[in-house]
Amino acid sequence: IQGLTTGVWKMRTPVEQVVAMEHISMLKPGIESPWADLNKHFSPSSLANFLTCPLRFWLDKLLGLNPQNVYEEVKTALNPAEYGTMLHRVLELTVRDCAVGLVMDAITEKALAHLEAEFNLKYGNSTSMPMLAQKKMLESSLRAFAEQHVKDLQTGWEHVYLEHHVEELGWVMEDDIIFHMTIDRVDRKKNADGSGYFWRIIDYKTGDKKPLEKHQEKLKPEQADLFGRIMPDFPLLQKEVKGKNNEPPQLCSYRWKELQLPLYAFWLMDTHHIPLEDIEVGYYLLPRNKKECKYESWTISQEEMDSAMT
């Protein structure tokens with residue numbers, strides 16, 4: 001965040017090829033970082049884009065140069081973002097519409113009905129063959145989701161928030177840093193002893209990468225040294241890794257690739273006064289090319305949370 005507010009930017013390809021760049025003013029005389037305005041908000045996706053490649057991030061935010069911005073006269077297929085948005089919308093409507101006690105067939109019927117309505121509303125009836133194929137993939141994902149959702153209801157999970165827009169609450173972190181973000185789903189379940197609730201934060205994904213794989217990347221020693229010199233404002237996470245072939249554990253360095261789920265968990269801790277040990281985060285994985293829905297969880301350690309929020 002310090003790099004964003006001061007305007008310093010650097011380009012990163014693979015870690016072995018990190019190249020330090022000049023101040024952003026080299027892009028255009030007098031150009032200024034939008035985040036020099038302290039009222040400008042941050043989001044998990046903006047931080048993820050910056051951590052992936054600061055150069056592309058600044059070219060997009062300062063000059064509007066984004067290769068993903070393609071404008072089609074005729075819609076022939078859903079791009080990945082549109083596909084994900086459609087799935088998110090239908091899942092939100094389905095979960096809102098499902099009461100405890102519904103069987104899988106009833107949930108599936110509701111999900112497919114919402115898909116039909118949303119698809120026609122967004123794209124009409126005259127869709128191309130690729131779009132119809134994508135619609136079939138969405139139907140397969142929704143059927144798999146219905147099976148998983150029944151298990152959730154049967155084991156006592158209840159949703160507290162769906163597509164929750166944090167910006168409406170004006171969440172402000174320390175140093176007056178403002179975050180706007182939308183959390184797909186927050187659930188809770190009563191503890192077995194009745195003493196309170198256990199919470200989980202869910203993000204829907206159309207890929208198959210697990211939460212830890214999406215958020216952290218293990219670095220070789222030479223990579224960690226180079227990254228530390230080039231990106232000194234972004235501390236590395238130190239984790240003990242089990243050794244191979246009965247070798248002793250080793251301390252390895254990891255870099256953060258994104259901060260989405262730790263930020264969600266921190267928001268829940270900060271605004272609802274829930275301890276970290278009572279929170280679990282995870283992905284509902286609904287890959288486009290598979291007829292399955294998997295829940296992959298991640299229990300964030302205190303060390304990980306401290307590193308992510310640094």
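The structure displayed is predicted, hence computed values, not measured ones.
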Do the charged groups of E116 and K135 touch, with an N to O distance under 4.0 Å?
yes
Tell me, please, which residues at least two apart from F145 pass ring-ring contact (aromatic ring centres under 6.0 Å, His included).
H149, Y284
Do the side chains of K257 and E217 get close enough for a salt bridge, i.e. N-O under 4.0 angstrom?
no
Contacts of H159 meeting side chain to side chain donor-acceptor pair (under 3.5 Å) (sequence neighbours excluded), chain-then-number -> none
With a 4.0 Å cut-off on N to O distance, would you call K189 and E158 a salt bridge?
no
If every non-hydrogen atom of Y83 is compared with every non-hydrogen atom of L78, which pair is closest and at what distance?
CA-CD2, 3.9 Å
Any salt bridge linking R96 with E92? Criterion: basic side-chain nitrogen under 4.0 Å from a carboxylate oxygen.
yes
Write down the atom of F198, the atom of E277, and the distance for their closest heavy-atom approach.
CE1-O, 3.6 Å
Could you label the plane-to-plane angle of the H272 and Y161 rings as parallel, tilted or perpendicular, counting under 30° as parallel and over 60° as perpendicular?
perpendicular
Mind checking side chain to side chain donor-acceptor pair (under 3.5 Å) for S253 and listing every partner two or more places apart, or none if nothing turns up?
Q238
Cationic N near anionic O, under 4.0 Å, R200 to D152:
yes
Tell me whether K205 is salt-bridged to D203, with the criterion being a basic N under 4.0 Å from an acidic carboxylate O.
yes
